[in-house]
Structures are given as structure tokens and as C-alpha cells.
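The block underneath contains the structure these notes are about, expressed in C-alpha cells.
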Amino acid sequence: MQINIGLLKQQHMTIRATTDDLLALTDLQFDQGFPGVTNARLKLAKVIADHLATETVEIHEPLQARGKADDIPAYAEIVSRIRELRVMFSCHIAKWSLAAIRKDWAGYGRSLREIAVELADILDREERDLFPVAQTILTKVEPARRSNTLLFDPSLLSQSSSRRRLVSAVERYSENPWKPQPSLG
């Protein structure tokens, strides 16, 4: 199995650039930077969510489906740090409403910088300790066997029609796993 390391690294570059754009706004005076904060925050949240979805499909699900996640020494720590960062980011967003940012522009900038340091660190760790090792492991193993086990949670899909098609395909497969199945597309 080949994983798309190039796509994952490109997404990391986009996350870094988007973070830098948001940080640059906080370097400006309030009246200059504040008007762009909402769009910059939304963009950062979207690029991070897109990356997490890609990383799940490209790395985490294949490793777990093949029982190979424990073969990566730093895997558990990286996954734990990702979860911690998600909580930290959620708390940051909850704390820093637009009203709170208006009230303490400098404090918002400091808080954002703390998040940015943690984010940069986890991106570096993934590129150094996760991506290359996962690629090596996954290119050496056989593809996961078809089973009735669902390798991901279809409720994570945002479009209900896509979810219905997926659930329908899984149900058809569960009824007769040897029968050729129509495309989900």
C-alpha cells in the first residue's frame, strides 16, 4: 500500500502558512488586524480538519486495520499529542470569542502563539517520526483483507447522501461479501 506523503506534507505547509497569516494579523494594530480574524480562524479550522481527515484515511486507519500502529515507537505519543492539541485548540476558540478578542487583542495574540508553537511541534513530529515509518510499514504489508469490520465511522462523513451510499454498500457487502459490489461513486 502506498500512502500519499506528498499530500500530507502539502497540507502541513498549508496549515503552517494559514497559521502564519492569522499570527500576522495579531501583529497589526487592533483596528487593522481584527477585521480579518474571523475568516482567518475559519480557514485555519478548515485546513486542519481537512488534514486530520486525510491523515486518518492515509495513515491511522490502515495502520490500525493491519495491527501495525504499535510498530511505530512514537505512534501512541503522537496520537495523544494530537488529541491534546485538539482540546487545546477547542478551548482556545471557546475562550477567544470575538468579544474577548476585542477586549484583549494582545492576550489573544499570546494565546494564539502558544497554540502555534504546539501545532508546529506536532507537525514536525509527524513528518519526522510518523510519516516515514508508516510509509515503510504500510508498503511492506499486504492489503487489509475484506471483512465485515467497518474500518472507519461513516458518521464522520459530512454529506448525508454520501453516508447513505456508504452505509448501503456496507450493508450489501455484509449480506454477501463475495458478490461484486457496485461503485460508491
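Model, not experiment: these values are computed from the prediction.
You'll find the side chain of R83 stays beyond 4.5 Å of the side chain of I78, heavy atoms only. Side-chain contact between W105 and Q29: absent, with no pair of heavy atoms (C-beta onward) separated by less than 4.5 Å. Within the 4.5 Å cutoff, side-chain heavy atoms of R125 are placed close to those of E77. Side-chain contact check for L119 versus I48: some heavy-atom pair is nearer than 4.5 Å. A 4.5 Å side-chain heavy-atom check between L123 and R16 finds at least one atom pair inside the cut-off. With a 4.5 Å cut-off on side-chain heavy atoms, F131 and E58 do not count as touching. Contact annotation: the side chain of D121 approaches that of R81 to within less than 4.5 Å [non-hydrogen atoms, C-beta and beyond]. The shortest distance between side-chain heavy atoms of E126 and H51 falls below 4.5 Å.
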(request) May I have the step-by-step check of side chain to side chain contact (heavy atoms under 4.5 Å, CB included) for D70 and Y75, ending in yes or no? (result) CA-CA 7 Å; D70 291 337; Y75 186 81; 5.6 Å; no
(request) Take W96 and L112, measure what side chain to side chain contact (heavy atoms under 4.5 Å, CB included) needs, and give me the verdict at the end. (result) CA-CA 10 Å; W96 291 103; L112 183 60; over 6 Å; no
(message) side-chain hydrogen bond (donor to acceptor under 3.5 Å, both in side chains) for Q2 and T139? Distances and angles first, verdict last.
(response) CA-CA 6 Å; Q2 285 287 68; T139 55; 5.0 Å; no
(message) One pair to check against side chain to side chain contact (heavy atoms under 4.5 Å, CB included): C91 and V87. What are the steps and the verdict?
(response) CA-CA 6 Å; C91 290; V87 169; 4.2 Å; yes
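Criterion: ILVMFWY side-chain heavy atoms under 4.5 Å apart, direct or through other members. Under it, V47 and V57 are not part of a common hydrophobic cluster. I122 and L7 fall into different hydrophobic clusters, defined by Ile, Leu, Val, Met, Phe, Trp and Tyr side-chain heavy atoms under 4.5 Å apart, directly or through other members.
Between the side chain of R86 and the backbone N or O of I82 there is no donor-acceptor pair closer than 3.5 Å.
Residue pairs meeting the salt bridge (charged side-chain N to carboxylate O under 4.0 Å, His left out) criterion with at least one member in residues 92-106, sequence neighbours excluded, do not occur.
With respect to the salt-bridge test (charged N to carboxylate O, under 4.0 angstrom), the residues D27 and R113 qualify. Residues D124 and R128 are not paired through a salt bridge, judged by the lack of any N-O separation under 4.0 Å between the basic side chain and the carboxylate.
Using cut-offs of 30° and 60° on the angle between ring planes, the pair H92 and F89 is parallel.
Taking CG of L85 as the start and OG of S80 as the end, the distance is 11.0 Å to the nearest 0.5 Å. The distance from atom CD1 of I93 to atom CZ of R41, rounded to the nearest 0.5 Å, is 4.0 Å. The CD1 atom of I59 sits 4.5 Å away from atom CG of L130, with the distance rounded to the nearest 0.5 Å. To the nearest 0.5 Å, atoms CD1 (I137) and CG (D71) are separated by 5.0 Å. Atom CD1 of residue I5 and atom CD of residue Q135 lie 4.5 Å apart, to the nearest 0.5 angstrom. Summarising the geometry, atom CG belonging to D50 is positioned 12.5 Å from atom CD belonging to E55; distances are rounded to the nearest 0.5 Å.
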For residues 17-25, which side-chain N or O atoms pair as donor and acceptor with protein atoms under 3.5 Å away, sequence neighbours left out?
residue, atom, partner, partner atom, Å
T18, OG1, T14, O, 2.7
T19, OG1, I15, O, 2.8

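Here the shortest heavy-atom pairing between D129 and A74 reads CB-CB, 4.0 Å. Closest non-hydrogen pair, E127 versus P132, comes out as O-CD, 3.2 Å.
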